[in-house]
2 protein chains.
Amino acid sequence: MPEPTTRRGKDTKGRIVELAAGLMYERGVSATSIEDILAASGTGKSQFYHYFSSKEQLIAEVLRHQLQQVLREQSRFPLDTWESISAWFGALVDMQQNQRDYRGCPLGSISSQLLDHGDLLRSQAAEAFAHWESALSGGLRAMQASGLLRDDADPDTLAESTIAVLQGGYLLSSTKRDIRPMRNALAIALSQLRSYAPDVRR
Amino acid sequence: MPEPTTRRGKDTKGRIVELAAGLMYERGVSATSIEDILAASGTGKSQFYHYFSSKEQLIAEVLRHQLQQVLREQSRFPLDTWESISAWFGALVDMQQNQRDYRGCPLGSISSQLLDHGDLLRSQAAEAFAHWESALSGGLRAMQASGLLRDDADPDTLAESTIAVLQGGYLLSSTKRDIRPMRNALAIALSQLRSYAPDVRR
DNA sequence: CGGCGTCTGTACCCCTCGGTACAGTCCGAA
DNA sequence: TTCGGACTGTACCGAGGGGTACAGACGCCG
C-alpha cells in the first residue's frame, strides 16, 4: 500500500486512523464497521482501500496509534523516582475515572480483542506491550543507577508485572464500573515495586 | 422463553450452551455465529430460537456456564490455608500452560468482550466476577477465624485485588504466548496476601 | 497548457449474519 | 388411540458486512 505523499493524502489517512481508533476504543473492534469509520471521518471507500489493504491492516495501524498515545501520555512522567511513579499511577486512576463509562486501557482493551484475530495482530499487540514495558523498565534502570532501586531487582520483569497488574485493574474497573479495583491494583503494583527499594528494614 | 421440561429438551439446550461456550472461548464471542454453534451441536435453528430469544440471551447463559466451570475447578481447593491457595495458583498456571495457544481465563476472556455489548451483559459479567471473589473471600475469612490471616485484612478487597492481578496475568500471558507474566503476577498476588499473615517480623 | 500520478466519489457485488415462518414429528396423559 | 403440547427440520428474509470496479477530480511537473 502506497504511503501518502501529499499533504492532503497524509491528512486523510491520519484522520481515518484517528477516528477508527476512537470508535474501536468506544464500541469495540468488531463492532466498528468500515462504513462507520468512513461516515465519521467524512471520507469514501475508495480512499480507505487506497491507503489500507484490509480492515486487518487498519487495525494494525490503530494499535500503533494507541501505543503512541499511551507512550505520549506516559512521557509526562519521568518514572525515575518514586514520586513520579506514584504520580503516574495517580494520573492513570484519574483518567479512568473521568472518562465516562470506565472505558479501560486504550491499548489493553483493544489488544484483548485481537487474541482471536490471528497471529499477526496478536503478536503486534505483544510487541506494543513490550514497548510500553521498556519505557517503564528504562526508568527503573535509571533508579538503580541513582540508588533508588536495589541492583538485584530485574527491571524487565518488574515492568512486565506492573503492566500486568495495571491491566487487571483496568479490566475489573471497567467491568464493574468502579474505580476501586483499579486503585487497589495500582497500590499493589506500587508496593511490589517498593519492596525492591533499599533501606527496607526486615 | 420456556425452560425445557423433557429429558430431550434439557439435553439439547445444555448441548447448545456447552458448545457455544467452547467456541466463544476459542474464537471469541462475536466471531462465533449462531450457525457455527448449531453445526457443532448438530441442531437446527428452530431448536435454538425455541430455547433462546436471542444471541444475547445465549451469551448470558454462556457466562453463567463459564462461571460455574471456574467455580467447580476452584472447589478442588479449600482456599483456607496458605498451602491450598498456593496449590490453586500453581494449578491455574499449569492449566494456562497446558491449554494450547494460552487461551486466557475462561471467564475473564469472555467478560472482556462484553464491555461494549450493552449494560446488561456487562453487569452480568460484573456479577460473575463478584461471585468468584466471594468464593475466595470466604476462604480468607476462614483463615482469619483460624488465625492464619490478620483481622485487619479486608477479605473482600483482598479477593477482588487477587482476581484483578490474576486477570492481568492472564491477559499478558495470552497476548505474548508466554507463561512467565502470569506466573509472576500470581507470585505478586500471593505475596500481597501473605503480607497480611500474622507473625511477620517487620 | 497539457499530462500524469495521486487522490476521491459512487455504484455495485457477494456473502454471512441474526432472526422468522411454518409445517412436521415425538411422546406422555387421558 | 387420539389429543396436545413440547420439540425439531427446512426454507426463507432483510440488513449489513468487507471488498471491488471504474470513472472523475485535483494538483504538481514540464
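As the structure is a computational prediction, the values presented were derived from the model and not from experiment. A, B, ... follow the sequence lines: proteins, then strands. Residue 1 opens every chain.
Remark: T6(A) is in phosphate contact with dC7(C), judged by side-chain N or O atoms under 4.0 Å from OP1 or OP2. Phosphate proximity of dT8(C) to T12(A): present, with a side-chain N or O under 4.0 Å from OP1 or OP2.
Between the OH atom of Y49(A) and the P atom of dG18(D) there is a distance of 7 Å, given to the nearest Å. Across the protein-nucleic acid pair, L38(B) atom CG and dA11(D) atom P stand 15 Å apart, rounded to whole Å. Per the geometry, CG belonging to D11(A) stands 14 Å off C1' belonging to dT8(C), to the nearest Å. Between the C1' atom of dG5(C) and the CZ atom of R7(A) lies a distance of 20 Å, rounded to the nearest Å. Between the NZ atom of K10(A) and the C1' atom of dG27(D) there is a distance of 16 Å, given to the nearest Å. Distance I37(A) CD1 to dG16(D) C1': 15 Å, rounded to the nearest Å. In this structure, R15(B) atom CZ and dC7(D) atom P are separated by 13 Å, rounded to whole Å. Residue R27(B) contributes atom CZ, which lies 10 Å from atom P of dC17(C) at whole-angstrom precision.
Along DNA chain C, the nucleotide nearest to S33(B) and the one nearest to R8(B) differ in position, and the one closer to the 5' end is contacted by S33(B). Both E56(A) and S46(B) sit near DNA chain D, but only S46(B) has its closest nucleotide nearer the 5' end.
Residue F48(B) is classed as having no contact, given no heavy-atom separation below 4.0 Å to the nucleic acid.
Between the side chains of Q99(A) and Y25(A), at least one donor N or O sits under 3.5 Å from an acceptor N or O. With no hydrogens or angles considered, a side-chain donor-acceptor pair links S30(B) and S30(A) at under 3.5 Å. Side-chain atoms of Q192(B) and S161(B) include no donor-acceptor pair closer than 3.5 Å.
Figure legend: K176(B) and Y102(B) shown without cation-pi pairing, the cationic atom not lying both under 6.0 angstrom from the six-membered ring centre and within 45 degrees of its axis. Annotation: cation-pi geometry satisfied between K13(A) and F52(A) (NZ/CZ under 6.0 angstrom from ring centroid, within 45° of ring axis).
The base of dG19(C) is paired with the side chain of K45(B) by a donor and an acceptor separated by under 3.5 Å.
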